[in-house]
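A short worksheet on the structure shown next.
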Amino acid sequence: MSDRSKIEERFNELRGEEVVYAIHRQDRTFLPTRKHCPLCPTRPDGRAGGRAGADTEIPVPAFEIAVFDNRFPAFQAPRGAAEVVVYTDDHDASFGTLAPERAEALMWVWRHRYEELGARADVQYVFIFENRGVEVGVTLHHPHGQIYGYPFVPPVPTLELAADARLGGCAPCSLLAGELEDGRRVLHQNEAVVAYVPRAARWPYEAHVTMREHRASLLECDPQELRMLAGALQALVRGYDALFDRPFPYVMAIHQAPTTTRAAGDPPALAAGAAAAGGHLHVEFYPPLRTAEKLKYPAGSEQGAGTFISDVLPEESAAELREAIVRGT
Ligand SMILES: [Zn+2]
Ligand SMILES: [Zn+2]
Ligand SMILES: [Zn+2]
């Protein structure tokens with residue numbers, strides 16, 4: 001691997017999974033000052049948040065939502081894709097503080113990227129995510145998320161498909177029914193979406209935001225559902241920030257159906273049916289905090305044996321989080 005721009009996949013036999021080597025990423029911008037933020041708009045006068053005389057990644061003086069190829073990709077054609085989605089030109093905003101219309105527009109952007117990347121023959125799984133906070137390795141503070149188009153179906157979605165097979169139907173549908181029936185871990189709900197701490201959460205404040213109806217992906221959601229999804233996600237994130245009265249770090253992971261089942265060039269067809277493709281749109285949040293200052297480290301048992309040991313019961317963290325969501329609204 002003398003060519004540092006080359007991306008290499010190697011199969012890890014012991015884990016039965018791919019590992020991706022993208023060594024050029026070592027050189028990527030690391031926590032620049034706001035003056036040098038590459039995700040701010042390019043402001044010729046170099047006002048706060050812009051760079052005098054130098055372009056940022058976004059060569060316009062103002063924007064709403066911007067999507068572009070990651071300059072330091074972990075995947076690229078003809079083996080996948082890596083994109084950056086900038087939520088706003090306001091450096092100091094966050095997903096939770098976006099205007100509701102902007103958050104709703106973001107759902108449509110995600111949907112469009114899922115459709116376009118998912119239609120590519122070299123993309124088998126479209127993964128939309130956000131890392132927030134230095135605790136989860138964020139290198140740029142400007143509010144943004146990312147999209148990876150994996151050239152294979154990665155392990156976590158594969159495990160979820162195995163759960164469908166084990167339960168003899170859609171796992172998120174059946175888990176959601178259980179949470180609604182129990183009720184103790186439900187955090188927030190509207191007509192289309194339910195947020196809850198899962199019964200067997202691995203992280204103290206883990207939460208899942210699940211479509212009530214079976215929707216394989218954002219493409220199957222109607223406009224009302226997309227609006228409700230944005231609303232529920234924002235309510236949860238504002239609740240997280242209210243929980244310890246500080247910006248709350250998390251990984252936000254959007255799980256949808258793989259995009260493998262279609263022939264190349266076909267649109268991600270609704271007709272293929274969710275049952276055939278597997279997958280039920282839901283958003284998982286993995287926050288690393290267990291108290292305002294203490295981090296939960298995946299350590300010996302978690303890394304070496306794969307078993308999470310938690311010192312917080314999901315019912316208890318759900319009660320705290322539910323109150324925080326009320327405070328955050
Ligand atoms: Zn910025
Ligand atoms: Zn389902
Ligand atoms: Zn999931």
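Order of listing sets the numbers, starting from 1, for every ligand and every atom in it. Just so we're clear, the structure is a prediction, and the values are computed from it rather than from any experiment.
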- Determine which of the N, O or S atoms in E160 is closest to the Zn ion (ligand 3) and give its atom name. OE2
- Task: Have a look at E179 and tell me which of R185, R212, R199 forms a salt bridge (charged side-chain N to carboxylate O under 4.0 Å, His left out) with it.
- Result: R185
- Task: Could you check which N/O/S atom of H142 is closest to the Zn ion (ligand 1)?
- Result: ND1
- Find the distance between OH (Y240) and CD1 (I325) and round it off to the nearest 0.5 Å. 8.0 Å
- Looking at H280, which of its N, O or S atoms is the nearest one to the Zn ion (ligand 2)? ND1
- Query: Backbone or side chain, does H282 get an N/O/S atom under 2.8 Å to the Zn ion (ligand 3)?
  - Reply: yes
- Item | the Zn ion (ligand 3): angle it makes with OE2 (E284) and ND1 (H255), nearest 10 degrees | 110°
- Query: About how many Å separate CG of N190 and NE2 of H188, when rounded to the nearest 0.5 Å?
  - Reply: 5.5 Å
- Message: I'd like to know whether Y205 forms a ring pair (Phe, Tyr, Trp, His ring centres under 6.0 Å) with F244, so could you lay out the CA-CA distance, the side-chain angles of the two residues, the decisive distance to 0.1 Å, and finally the verdict.
- Response: CA-CA 12 Å; Y205 295 99; F244 300 134; 5.7 Å; yes
- Taking the N/O/S atoms of H214 one by one, which is nearest to the Zn ion (ligand 2)? ND1
- Has H141 got an N/O/S atom less than 2.8 Å from the Zn ion (ligand 1)? no
- Query: In H91, what N, O or S atom is nearest to the Zn ion (ligand 1), if we give its atom name?
  - Reply: ND1
- Query: Taking the Zn ion (ligand 2) as the vertex, what is the angle from SG of C170 to SG of C173, given to 10 degrees?
  - Reply: 110°
- Item | Cationic N near anionic O, under 4.0 Å, R10 to E8 | yes
- Message: Check this for me, if you would: do D311 and K296 make a salt bridge, where the nitrogen-to-carboxylate-oxygen distance has to be below 4.0 angstrom?
- Response: no
- So, R327 and D245, do they make that salt bridge, N to O below 4.0 Å? no
